[in-house]
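Working notes, structure below.
Every value quoted in this text rests on a predicted model; they were computed, and no experiment measured them. Naming convention: chains lettered A, B, ... in sequence-line order (proteins, then strands); numbering from 1 in each chain.
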2 protein chains.
Amino acid sequence: MALTFTEENYLKTIYMLLRQDAVVSTTALASAIGTTPASVTDMSGKLRDKQLVDYEKYQGLTLTPQGLKAALLIIRRHRLWECFLVDQLQFSWEEVHEIAEELEHVRSVKLTERLSHLLGNPRVDPHGDPIPDASGRIPRTVRENLLNVQDFKKLEVATVTDQSASLLKFLDRIGIRPGTRLDILERHDFDHSVEIRIRKRAPLTLSEQIAKHIYVRTITKAGGHP
Amino acid sequence: MALTFTEENYLKTIYMLLRQDAVVSTTALASAIGTTPASVTDMSGKLRDKQLVDYEKYQGLTLTPQGLKAALLIIRRHRLWECFLVDQLQFSWEEVHEIAEELEHVRSVKLTERLSHLLGNPRVDPHGDPIPDASGRIPRTVRENLLNVQDFKKLEVATVTDQSASLLKFLDRIGIRPGTRLDILERHDFDHSVEIRIRKRAPLTLSEQIAKHIYVRTITKAGGHP
DNA sequence: ATAAATATTTAGGTTTGTCTAAATTATAAC
DNA sequence: GTTATAATTTAGACAAACCTAAATATTTAT
Ligand SMILES: [Mn+2]
Ligand SMILES: [Mn+2]
Ligand SMILES: [Mn+2]
Ligand SMILES: [Mn+2]
C-alpha cells in the first residue's frame, strides 16, 4: 500500500522523536509536525490500520518493524539528497534541509541507488548524520552530547542535530561542523555553558542551548567520518 | 499564491495540448490528466479564479500569460531532471519521464538553476524537446512531422513526442533518437506509412502511428542539436 | 484521596480533489 | 429545422488531511 506524502512525514518524525524517548506522545508529535493533537490522533489510527505504528488510546506511538523500515528509507533519501546538494550543487549545509524535505518523497529505488553511487555511497550526510543503507540498516553510532561526554581531550564533532539555518550558519562561522576537532576546557555549573578550544584557536564559550545540539566522539584512530 | 501539485499538472498538460489546438476542451484535458470531465470543469473554475487560464463555460481553456509562464517553468524543471537522470545517473531515455514527473514539482529557483549549470545549461532534453530558460522563454523551433515534411533528403530527428517507455525503447533499438540523420525513400498512400533509410543501413518502414510522433528538421549547416 | 492542571480524544466542520449520475448545452445527422 | 448524439456542466457525495471546541482521561499537586 503506497504511502502518502503526509504519512511519510509522520513516520519520519516519529522515528526522530523515538531517538529521545521510548514512546512518542500525541502532543510531541503534533508540535514536531506543526499540526494539532487532534489531527495526530486521527492520523495515528490510520497508521495503526496500515500496521506502521503501534498505538493505543492514551498510550502514545511506536513504530512497527514495517514502519521503522519505511522511516529509514525516507531518511536515506533525505540524507542522500542533502549530500547531492552540498557535493554537486555547492549548497551550504544550512540550505539543504528544506529542499531535501521535498526530494525525499520521490520514491524510486533505482533513482536512490544510482544517486548513492554517483555520490560514492556516502555514509554520513553534511550534518554528520548516518545514512541508512538500501535495506534500511543504520549503524548504531557511539556519540555523546557535548554537555555530558566524559572525556575532555581529543574530541571530534560527529553530528549537529538542529536543522535551523540560523544555528547552522552560526556554527559554520565559528568553525564547528562534522569532523571539527576540539577539546573541552571547562564546564560551568551556573549556566551549563561549555568552554572549548578548536585546535590552537582562542577558547570559545558555547551556551547550553547551543551545546545540546552538538554530539562528539573521542578520536581513537585517524579520525574522519565513519 | 503557491500552486498545488495538482494545479501544476493541469497547467503543464494544458500547455502540451495547446501545441495541437487553439483551445483545450474539457474532455481532452480530462483524458490527458486521467480524470473525469466533471473534475476538469471544477478545476477550470479554480484556475480561472487564480488568473492562470481563460475559461468560459462550454468554451474550453487557454493559458493566460501568467499560466503560460508557470507551465514553462514546470516544463523547464521536468526536462532538466530528465537530462540529469540520463547524463549523470545513466538512465535510458524511456525511463526518465516518470521520475521527472515527480521531481518537476520541487520548486526552488536555486536548485533549478544550479542543476542547469551542473548539466552545462542544456538546450534540449533527452527526447529532443527544448528546455525553456530561467524566465520561461522557449525558442520557437522549426520542426516538421515526418508524415508531412516536404524535403526528403538530409533530415535529422529533432524530437520524439511520445513518452511511453515501450515506443521509446523500440525507437532506440532501431536507431531513432534526437540527432539521428535519415532520408525518406517513399510515402505509401494506402496506409500512410513512411519508408526511411538511416545512413547506409537497410531501409525501414514506419507505420503512421509511429511516424506521427517523430519530428524532423532539414540539415542546413553542421547539424547537431539546437 | 481529592482537586487542579495537563494531555488526549471525540465531535463536528472545512478544503482540496476526486467521483457518479442527472441535467443542460452544443454539434451533427437527417 | 427538428432530432439524435456528444460534450459539458451541475448536483450530491466521498476520502484525505486539517481545524476548533467540547468532553474525557491521565498526571501532578496538595
Ligand atoms: Mn535534513
Ligand atoms: Mn541532515
Ligand atoms: Mn518527459
Ligand atoms: Mn522529455
Side-chain angles (χ1 to χ4, degrees), chain A residues 1-14 17-18 20-63 67 70-71 74 101-102 104-105 107, chain B residues 1-15 17-18 20-63 67 70-71 74 101-102 104-107:
Chain A
M1 197 182 328
L3 299 175
T4 66
F5 220 85
T6 310
E7 288 169 336
E8 286 199 337
N9 279 331
Y10 269 82
L11 292 177
K12 189 185 57 165
T13 309
I14 294 166
L17 295 172
L18 283 175
Q20 299 292 114
D21 306 282
V23 297
V24 174
S25 75
T26 303
T27 326
L29 186 49
S31 107
I33 286 180
T35 185
T36 60
S39 301
V40 169
T41 299
D42 218 58
M43 179 61 85
S44 298
K46 291 176 190 167
L47 293 174
R48 182 193 45 208
D49 293 348
K50 292 193 174 186
Q51 316 201 330
L52 295 164
V53 302
D54 286 320
Y55 166 71
E56 295 294 337
K57 267 192 192 184
Y58 294 104
Q59 299 312 120
L61 297 122
T62 50
L63 290 169
I74 299 159
E101 284 293 314
E102 305 198 35
E104 71 187 1
H105 298 291
R107 256 159 313 196
Chain B
M1 196 183 326
L3 299 176
T4 68
F5 220 85
T6 309
E7 289 169 335
E8 286 200 336
N9 280 330
Y10 270 83
L11 292 178
K12 189 186 56 165
T13 309
I14 295 166
Y15 175 86
L17 295 173
L18 283 175
Q20 300 291 115
D21 304 280
V23 296
V24 174
S25 74
T26 304
T27 326
L29 187 49
S31 110
I33 286 179
T35 185
T36 60
S39 301
V40 169
T41 299
D42 218 60
M43 180 60 84
S44 299
K46 290 175 190 167
L47 294 174
R48 181 193 44 206
D49 294 349
K50 292 191 173 187
Q51 315 199 334
L52 296 163
V53 301
D54 286 319
Y55 166 70
E56 295 294 336
K57 269 192 190 184
Y58 296 103
Q59 300 310 122
L61 297 123
T62 50
L63 290 169
I74 299 159
E101 284 293 311
E102 304 198 34
E104 71 187 2
H105 299 290
V106 178
R107 252 158 315 193

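- Checking side-chain atoms of T35(B) against main-chain N and O of S31(B) turns up no donor-acceptor pair under 3.5 Å.
- Among the nucleotides dA17(D), dT20(D), dT10(D), the one closest to the side chain of T6(A) is dA17(D).
- Distance from the side chain of T41(A) is smallest to dT10(C) among dC19(C), dT16(C), dT10(C).
- Between K12(A) and E101(A) there is a salt bridge, since at least one side-chain N of the basic residue sits less than 4.0 Å from a carboxylate O of the acidic one.
- Between dA7(C) and S25(A), no contact under 4.0 Å exists linking OP1 or OP2 to a side-chain N or O.
- Of the residues near DNA chain D, Q59(A) and E7(A), the one whose nearest nucleotide (by heavy atom distance) lies more toward the 5' end is E7(A).
- If K46(A) and S44(B) are placed on DNA chain D by their nearest nucleotide, the residue sitting closer to the 5' end is S44(B).
- Between dA16(D) and T4(A), no contact under 4.0 Å exists linking OP1 or OP2 to a side-chain N or O.
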### Task
Given side chain to side chain contact (heavy atoms under 4.5 Å, CB included), test D49(A) with Y55(A) step by step and report yes or no.
CA-CA 10 Å; D49(A) 293 348; Y55(A) 166 71; over 6 Å; no
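- When heavy atoms are screened at a 4.0 angstrom cut-off, T26(B) is found touching the sugar-phosphate backbone but no base atom.
- Rounded to an integer number of Å, the gap from E56(B) CD to dA26(C) C1' is 16 Å.
- When heavy atoms are screened at a 4.0 angstrom cut-off, T35(A) is found touching the sugar-phosphate backbone but no base atom.
- Per the geometry, CG belonging to N9(B) stands 17 Å off P belonging to dT16(C), to the nearest Å.
- In this structure, L11(B) places its CG atom 12 Å from P of dG17(C), rounding to the nearest Å.
- Residue contacts shown for F5(B) are absent, as no nucleic acid heavy atom lies under 4.0 Å away.
- The interatomic distance linking E8(A) (CD) with dA17(D) (C1') rounds to 16 Å, in whole Å.
- Among the nucleotides dT9(C), dC19(C), dT25(C), the one closest to any side-chain atom of Y58(B) is dT25(C).
- For M43(B) and dT10(D), the CE to C1' distance is 18 Å, given to the nearest whole Å.
- Of the side-chain N and O atoms in Y10(A), none sit less than 4.0 angstrom from OP1 or OP2 of dA16(D).
- Looking at S39(A) and T36(A), their side chains do bring a donor and an acceptor atom within 3.5 Å of each other.
- Checked for salt-bridge contact, E102(B) and R107(A) miss the test: no charged N lies under 4.0 Å from a carboxylate O.
- Taking atom CD1 of I33(B) as the reference point, atom P of dC19(C) lies 11 Å away to the nearest angstrom.
- Comparing atom distances between the S39(A) side chain and each of dC19(C), dC19(D), dA17(D) picks out dC19(D) as nearest.
- At dA26(C), none of the side-chain N or O atoms of K57(B) fall inside 4.0 Å of OP1 or OP2 (strictly under the cut-off).
- D42(B) places its CG atom 15 Å from the C1' atom of dA21(C), with the value rounded to the nearest Å.
- Electrostatic pairing of E7(B) and K50(B) counts as a salt bridge here, judged by a charged N lying under 4.0 Å from a carboxylate O.
- Counting to the nearest Å, the C1' atom of dA7(D) and the CG atom of D21(B) are 15 Å from each other.
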